Structures are given as structure tokens and as C-alpha cells.
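In listed order, ligands and their atoms are each counted from 1. Since the model is a prediction, treat every value here as computed from it, not as a measurement.
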Amino acid sequence: MVFFKRRGWEIPEREVTPESLVFGRRAALKGAALAGTAAIGLPSLARADGFPTPARNTRYEPGRAVTGEREATTYNNFYEFGTDKGIYRPAQKLPLQPWTVKVDGLVDRPREFSVDDLLRSMPIEERVYRLRCVEAWSMVVPWTGFPLSAMLSAVGVQSGAKYVRFETAALPAVMPGLRQSWYPWPYVEGCTLEEAGNELSFLVVGAYGKPLLPQNGAPIRFHQPWKYGFKAGKSLARISLVAERPKSFWEAIQPQEYGFWANINPEVPHPRWSQASERVLGTGERVPTQLFNGYGEFVGGLYANLQRERLWG
Ligand SMILES: Nc1nc2c(c(=O)[nH]1)N[C@H]1C(S)=C(S)[C@@H](COP(=O)(O)O)O[C@H]1N2
Ligand SMILES: [Mo]
């Protein structure tokens, strides 16, 4: 499919290819062996634990200060662990090893990827993205990850596929929220195939240069920065290519308040509050919310022929 081709804008091959990761790991091992010797002239491509520290893709400038790591990792929404913002405590019980994400449905080569498989085979980069929650707070985070389009190319999308469905792991032994049986578990989200192929659609495996923490959706979560944060399924167990539009978690609970498209628009209020401005996590300042969260130049074209859909909120 034409739109899954690599684009010319992408950062130079040498900075993102799997080879650089392999090299980074070797460099880390070598670095350990050479500990004590002076600078060895190698760029710092990997941490001692093997997690890559790739080049930052400067195409996506957030235009705002990066949120403090402490704020972004202690103020979270992850209802599987509870409904308050302090779920980082119970979330530490999430077992991250082993973990695989199954990619299935209308694909030529269904398979399960471990996070290591992905770190080795996907074009890993860092992107600083804004995240705007539908609750009118926002943050700015340097994520490590890769475009969803790269994973879709790896499995081969079949012609009947129209949507991508994201399913969060449901682990009752460690997720007390699953006992709240009135919620439609597991947490499911989705987008159209065209949205999935947009260059901004990003699968995230790290933040602040480290592997993702459980509260942020370890070991792998999604993010589309022009949509409200609830579209970003955390701790994904399964990604499926499907023909029918998936019914998402929040849509199933309250369709008048949380739609399928959920594009950010300051002029379309939530039924219970204004979306005109947002509270910036960490600083507490209030700033105006932007159409498509400021990413309109990248995604506006996706919706040109969809004016009859309820695109906002
Ligand atoms: N599985 C799952 N994913 C989820 C949620 C959730 O409750 N469960 N909350 C969503 C909401 S409402 C937001 S705003 C973002 C928050 O991501 P963060 O905690 O990393 O900031 O995660 C989204 N992904
Ligand atoms: Mo949210």
C-alpha cells in the first residue's frame, strides 16, 4: 500500500535502522569491557541495559516545555489499576516479562512480537509529542517508539482491512479495576487504516530515554497526538486489522461524550465542560487548546471527505 512506504522526511537511515540498535548494543557491551578507558569515540547509542537512545526526530517540535518526568509518571489515567490519578503505585505489579503483542486479523503474516523483536526490527526514534486528555489537562513527553506504519508493513495489510483495533492486556490478578464489572473490559480502542498510516501514529516503548513505566502503558502503548488521550491504548496485548469499526471502551460506556474519532477541537465542548483551554501538567498554567492539538498540518487532510462524521470529541 502506497501510504505505508517510507517517506523522504524520515531521519537519516544511519540514525534509525535496526543496525544502529545492534551496533548500540555491541557498543554498550564494548563500553562495559572498556570501562575506565577514556572516551572511545563512539556515540552514545544505548544505555547499559540495552535500551536504545535513538536520535530525536525534530520534525515534530512540541512548541512547549517538556513535562517533568515525575509529573508524567505519577499523574495517570489507567482504569485497569483504579480510577484515581495515583495508579502508579498499584501499576508496579504489572508483569512485563515475558510480554508479546499479537498482530492478527486481516494481515498476510500474523505474528507475535516481543518488545525485543520490535527494538531490533523497527525504525526506533524519539519524538516529543503533546498529549491532551479529554479532561482538559495536557503534557509534553519525549517518547521512544516507531511509526505504526512500520509494523503494518512488516505484517502486510490485506485489502479487506479498514480499521485497526487495539486491545489492552486484561490481567485480573494484578488489575483491580477489572473487578468493576460494569466497565466493558478489555480496554479497546481503534482508528481507521488511513489514520493508522499517518506519519504521526506512533507505537511507544519508552519515555524520557528509558523503557516505558507500567503506569504509562508498558511495555507498549499507542499515541496519536491529534486525538484525545483516551484513544491511546496502554499495555497492548493485541493489534488487529479488521473490516468493521471497533467499539471502543469509552464509546461503549458513554457514546454521547466519547466518540470514535475524538479529534481535538477547542470549539467543540465536551457535554459537561469546555475544551477551549487546558491545564499544563507540572506548571499548572492554562493555555489555549489548538485544533487537532496543533497537528493540523499533518492530519487535516485525513478528514476532508468525512464531514458528515462526528469528528470531534
Ligand atoms: N488501557 C488503558 N489505556 C488508557 C487509559 C486507560 O484507562 N486504560 N486511559 C487513557 C487516557 S484517558 C489517557 S489521557 C492516557 C494517559 O496516558 P498517560 O497516563 O501516559 O499520560 O492513557 C489512555 N490509555
Ligand atoms: Mo484522558
Among all the protein's non-hydrogen atoms, which is closest to [atom], and how far away is it?
| atom | answer |
| --- | --- |
| atom 9 (N) of ligand 1 | Asn77 O, 3.3 Å |
| atom 15 (C) of ligand 1 | Gly229 O, 3.6 Å |
| atom 21 (O) of ligand 1 | Met139 CE, 2.7 Å |
| atom 17 (O) of ligand 1 | Arg221 NH2, 3.1 Å |
| atom 19 (O) of ligand 1 | Lys234 NZ, 2.6 Å |
| atom 20 (O) of ligand 1 | Asn216 ND2, 2.9 Å |
| atom 6 (C) of ligand 1 | Tyr187 CE1, 3.4 Å |
| atom 24 (N) of ligand 1 | Ala232 O, 2.7 Å |

Show which atoms of ligand 1 fall inside a sub-4.0 Å distance from at least one heavy-atom site of Thr168. 1 (N)
Can you name the atoms of ligand 1, numbered from 1 with element, that are less than 4.0 Å from a heavy atom of Cys133? 14 (S)
Tell me yes or no: between the side chains of Arg132 and Gln275, is some donor less than 3.5 Å from an acceptor? yes
Are any of the N/O atoms in Trp250 less than 3.5 Å from those in ligand 1? no
For ligand 1, which is the ligand I care about here, please tell me if Phe230 has any N or O atom under 3.5 Å from one of the ligand's N or O atoms. no
Please confirm whether Tyr79 and Trp250 have ring centers closer than 6.0 angstrom. yes
Aromatic ring centroids of Tyr228 and Trp261 under 6.0 Å? no
Given 3.5 Å as the limit, does a donor-acceptor pair link the side chain of Trp185 with the main chain of Arg179, or not? no
Ionic contact status for Glu125 with Arg59, cut-off 4.0 Å: no
Taking only Lys NZ, Arg NE, NH1 and NH2, and the carboxylate oxygens of Asp or Glu, determine whether Glu309 and Arg245 approach each other closer than 4.0 Å. yes
At what distance, to the nearest 0.5 angstrom, does OH of Tyr163 lie from CG of Leu106? 13.0 Å
Between the OH atom in Tyr183 and the CD atom in Glu80, the distance rounded to the nearest 0.5 Å is 10.5 Å
Of the side chain and backbone of Glu80, name the one, both, or neither that has a heavy atom under 4.0 Å from an atom of ligand 1. side chain
Candidates Lys231, Gln224, Lys227 - the one meeting side chain to side chain donor-acceptor pair (under 3.5 Å) with Glu195: Lys227
